[in-house]
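What follows is a set of notes on a single structure, which appears directly below.
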Protein chains: 2
Amino acid sequence: MSTATKRMNKSDLKLIAVLERTGGFASAQELHQILRREGDGIGLTTVYRALQSLVDDKIVDLLRREDGEAIYRLCGDNHHHHLVCKSCGDTVEIEGGAIEKWAKTMAEEFGFREVGHTAEIFGICSKC
Amino acid sequence: MSTATKRMNKSDLKLIAVLERTGGFASAQELHQILRREGDGIGLTTVYRALQSLVDDKIVDLLRREDGEAIYRLCGDNHHHHLVCKSCGDTVEIEGGAIEKWAKTMAEEFGFREVGHTAEIFGICSKC
DNA sequence: CACAAAAATGGAAATGATTATCATTTTCAT
DNA sequence: ATGAAAATGATAATCATTTCCATTTTTGTG
Ligand SMILES: [Zn+2]
Ligand SMILES: [Zn+2]
Ligand SMILES: [Zn+2]
Ligand SMILES: [Zn+2]
């Protein structure tokens, strides 16, 4: 059996730990700030490098915020979607069962692989 | 009959024309270069402004390249979603029947009104 | 342990897209 | 014509991400 040697340096592990702890998505800048706040003097460059390497190894997912900023999350995290109020900003986390199925079906139909998706709902909440 | 007042200035029309002519997606920088090459001295600022306005008016779609750069494309009037190849950028317009239902259901369940949604699927296409 | 080679690190500068400013020009209604 | 409002575009400012490069840490070997 060939061993898929994972080289995982200290920084990689740190980033994984933070991502586990925070859950969900975070940008490189945010992750860097969190680590700094916790007393870790890790450099921004290293954060970017570690994230890049984790993405290459398919350990974290890379998506984009609406403004184009890269955001990362641990692969395999059960993700959820959001229902956001355009007026007060209140947000509800919702399951996306139907979406997951839809994305998968569509991707298959058109022969896409390594598929991901984004989906958000926005409107005016009952309080507004 | 209510008048759907569309204010459409010269620059907006230029951008629409270029997008029609080129078809597919293009970034602001690319669109600017194309116009320049054709002898139009339009400024980059104006290109960004026009595109932003067209996006607001739902006349063009805004997506993201893999590197986060914004790309624009004329959008058909009927609401649809996209299946985008992360590698070559090829895009398939798809119907979102399941999504529409999901968004509506979720919104109702949580008492939201004036609801909209976004949903995109991305992956690697069969050619890549 | 000693020591050199390789890997990792991080500060500073460079890059590149997008946005903010602001003075000037064009459009428009009276 | 004429003043107000909208549009324009050059320039500077932002801000995330990359590059560079010098320094530090880790690792393998005798
Ligand atoms: Zn609300
Ligand atoms: Zn989902
Ligand atoms: Zn492709
Ligand atoms: Zn839809």
Side-chain angles (χ1 to χ4, degrees), chain A residues 3-19 22 24-57 59-73 118, chain B residues 3-19 22 24-57 59-73 84 86-87 89 122:
Chain A
T3 57
T5 317
K6 297 265 177 196
R7 33 190 133 47
M8 195 65 84
N9 59 33
K10 218 171 288 183
S11 303
D12 291 342
L13 295 173
K14 279 183 196 170
L15 267 295
I16 291 179
V18 178
L19 284 168
T22 61
F25 287 104
S27 71
Q29 308 271 354
E30 289 165 351
L31 293 166
H32 179 235
Q33 283 176 36
I34 292 172
L35 280 167
R36 280 273 161 114
R37 211 177 299 140
E38 294 175 354
D40 193 316
I42 192 171
L44 183 55
T45 306
T46 305
V47 170
Y48 273 106
R49 238 183 326 235
L51 288 171
Q52 183 57 58
S53 136
L54 292 171
V55 168
D56 289 344
D57 294 346
I59 294 169
V60 312
D61 278 336
L62 185 169
L63 287 181
R64 296 271 165 195
R65 289 227 173 98
E66 187 132 14
D67 66 352
E69 188 178 3
I71 50 181
Y72 307 82
R73 85 168 166 209
T118 62
Chain B
T3 59
T5 318
K6 296 267 178 195
R7 31 190 135 46
M8 194 68 83
N9 60 31
K10 218 171 287 181
S11 302
D12 291 342
L13 294 173
K14 278 184 196 169
L15 267 295
I16 290 178
V18 177
L19 284 167
T22 61
F25 286 104
S27 71
Q29 309 269 356
E30 288 165 351
L31 293 167
H32 180 234
Q33 283 176 36
I34 292 172
L35 280 167
R36 278 274 163 109
R37 209 176 300 138
E38 294 174 353
D40 192 316
I42 191 171
L44 183 55
T45 306
T46 305
V47 170
Y48 273 106
R49 235 182 330 233
L51 287 171
Q52 183 56 60
S53 136
L54 292 171
V55 168
D56 289 345
D57 293 346
I59 294 168
V60 312
D61 276 338
L62 185 169
L63 287 181
R64 297 270 165 193
R65 290 226 172 100
E66 188 151 14
D67 67 353
E69 188 178 3
I71 49 181
Y72 306 82
R73 181 179 68 173
V84 187
K86 284 187 287 193
S87 174
F122 42 85

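Chain naming here is simple, since letters A, B, ... match the order of the sequence lines and numbering starts at 1 in each.
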Rounded to whole Å, how long is the line connecting atom [atom1] of [X] with atom [atom2] of [N]?
X: B:Ile42; N: D:dA10; atom1: CD1; atom2: C1'; answer: 14 Å
X: A:Glu66; N: C:dT18; atom1: CD; atom2: P; answer: 14 Å
X: B:Met8; N: C:dT27; atom1: CE; atom2: P; answer: 18 Å
X: A:Arg65; N: C:dA17; atom1: CZ; atom2: P; answer: 21 Å
X: A:Leu13; N: C:dT9; atom1: CG; atom2: C1'; answer: 15 Å
X: A:His32; N: C:dG10; atom1: NE2; atom2: P; answer: 8 Å
X: B:Arg36; N: D:dA10; atom1: CZ; atom2: C1'; answer: 10 Å
X: B:Leu31; N: C:dA17; atom1: CG; atom2: P; answer: 13 Å

Separation between CG (B:Leu54) and CG (B:Leu19), nearest 0.5 Å, reads 8.0 Å
Verify the contact: side-chain N or O of [X] to OP1 or OP2 of [N], cut-off strictly under 4.0 Å; return yes or no.
X: A:Lys10; N: C:dA7; answer: no
X: B:Asn9; N: D:dT8; answer: yes
X: B:Ser11; N: D:dT8; answer: yes

For the residue pair [X] and [Y], what are the closest heavy atoms and their distance?
X: B:His32; Y: B:Val47; answer: CD2-CG2, 3.9 Å
X: A:Ala28; Y: A:Leu44; answer: O-CD1, 4.5 Å
X: A:Arg36; Y: A:Gly41; answer: NH2-O, 3.5 Å

Which side-chain hydrogen bond (donor to acceptor under 3.5 Å, both in side chains) pairs, counting each pair once, include a residue from residues 42-52 of chain B, with sequence neighbours left out?
B:Gln29-B:Tyr48, B:Gln52-B:Asp56
Pairing of A:Glu30 and A:Arg65 as salt bridge, 4.0 angstrom limit:
yes
Below 3.5 Å between N/O atoms, which protein atoms pair up with nucleotides 11-17 of chain D? Just atom names and distances, please.
{"from": "D:dT17", "atom 1": "OP1", "to": "A:Ala70", "atom 2": "N", "distance (Å)": "2.8"}
{"from": "D:dT17", "atom 1": "OP2", "to": "A:Tyr48", "atom 2": "OH", "distance (Å)": "2.6"}
{"from": "D:dT17", "atom 1": "O5'", "to": "A:Tyr48", "atom 2": "OH", "distance (Å)": "3.3"}

Residues in side-chain hydrogen bond (donor to acceptor under 3.5 Å, both in side chains) contact with A:Asp40, at least two apart in sequence or another chain
A:Lys14
